[in-house]
Amino acid sequence: QVQLVESGGGLVQPGGSLRLSCAASGSGVVINDMGWYRQAPGKERELVARITRGGTTNYADSVKGRFAISRDNAKNTVYLQMNSLLPEDTAVYYCNAAWSTWYDSTLEYDSWGQGTQVSVSS
């Protein structure tokens, strides 16, 4: 019931910046937490950042001070501003949304975007 579409990935040099966007669409749902995860080749998927509907954030230690997550609830969109990018940030970045239906808030589901490639290389 919730579709996520990511955009903003690309190739940048070390020290550069990118901003990822993820727009959620769905009817009869309430979007709760949203977040960004990433998966590098040969690695497990890992949390990058999450944000609650009220704006409370959580970051992986590896990105603290460099990345910033934000959201626009009116647009059902979450953003990830990535600064001071490092080669080890190279990965496919996935948007995630935890959501409930308006008629039964006791059940929570989650949806994933298709992923957007971020490559950091000189």
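Starting from 1, each residue takes its place in the sequence as its number. Because only heavy atoms are used, hydrogens play no part in the values below, and waters and symmetry mates are left out as well, while side chains stay in.
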**Asked** Can you name the one residue among Ser84, Ser122, Ser121 that meets side-chain contact (heavy atoms from CB on, under 4.5 Å) with Pro14?
**Response** Ser122
**Request:** Among Ile, Leu, Val, Met, Phe, Trp and Tyr joined by side-chain contacts under 4.5 Å, find the other residues sharing a cluster with Tyr94 and list them by chain and number.
**Result:** Tyr37, Leu47, Val92, Trp112
**Side chain to side chain, Asp89 and Tyr93, heavy atoms closer than 4.5 Å** = yes
**Request:** For Leu86 and Arg66, run side-chain contact (heavy atoms from CB on, under 4.5 Å): C-alpha distance rounded to whole Å, both residues' side-chain angles, the deciding distance at 0.1 Å, then the answer.
**Result:** CA-CA 10 Å; Leu86 302 169; Arg66 299 189 298 119; 3.8 Å; yes
**Request:** State, with a plain yes or no, whether a side-chain heavy atom of Phe67 is found less than 4.5 Å away from one of Leu18.
**Result:** no
**Message:** Side-chain heavy atoms nearer than 4.5 Å, only ILVMFWY residues, links allowed to pass through others: does that put Leu107 and Val2 together?
**Reply:** yes
**Message:** What's the separation between atom CG in Asn32 and atom CG in Asp110, rounded to the nearest 0.5 Å?
**Reply:** 11.0 Å
**Fill in**
Taking every heavy atom of Asn96 against every heavy atom of Ser111, the minimum-distance pair comes out as ND2-O, 3.2 Å
**Asked** Do Ser25 and Asn76 have side chains that get closer than 4.5 Å, going by heavy atoms?
**Response** no
**Message:** For a quick test of reading the model, state the closest non-hydrogen atom pair linking Ser105 to Ser100 and the distance between them.
**Reply:** O-OG, 3.8 Å
**Residues, nucleotides or ligands: over 12 heavy atoms within 6.0 Å of Gln39 CD** = yes
**Request:** Kindly indicate, with the supporting measurements, whether the criterion side-chain contact (heavy atoms from CB on, under 4.5 Å) is fulfilled by Thr90 and Arg38.
**Result:** CA-CA 9 Å; Thr90 296; Arg38 67 187 181 188; over 6 Å; no
**Message:** Within the 4.5 Å heavy-atom criterion, are Leu80 and Val78 side-chain neighbours or not?
**Reply:** no
**Message:** Minimum heavy-atom separation for Ser21 and Tyr79, please, with both atom names.
**Reply:** OG-CD2, 3.3 Å
**Point-to-point distance, once rounded to the nearest 0.5 Å, from CE of Met34 to CD1 of Ile69** = 8.0 Å
**Prompt:** Applying ring pair (Phe, Tyr, Trp, His ring centres under 6.0 Å), which residue pairs with at least one partner in residues 38-66 are found, sequence neighbours left out?
**Reply:** none
**Prompt:** Hey, mind stepping through Thr116 and Ser7 against side-chain contact (heavy atoms from CB on, under 4.5 Å) and telling me if it holds?
**Reply:** CA-CA 6 Å; Thr116 185; Ser7 62; over 6 Å; no
**From CH2 (Trp36) to CZ (Arg50), nearest 0.5 Å** = 12.0 Å
**Request:** Side-chain contact test, heavy atoms from C-beta onward, threshold under 4.5 Å: evaluate it for Leu20 versus Glu6 and give yes or no.
**Result:** no
**Prompt:** Between OH of Tyr109 and CD of Gln1, what distance do you get to the nearest 0.5 Å?
**Reply:** 7.5 Å
**Item:** Heavy-atom check, side chain of Val63 versus side chain of Met82, under 4.5 Å
**Value:** no
**Request:** Enter the distance from Leu4:CG to Gln114:CD here, rounded to the nearest 0.5 Å.
**Result:** 8.5 Å
**Message:** Please give me the minimum heavy-atom distance between Ser17 and Asn83, naming the atom from each residue.
**Reply:** OG-OD1, 2.9 Å
**Prompt:** Do Ile31 and Arg71 have side-chain heavy atoms sitting under 4.5 Å apart?
**Reply:** yes
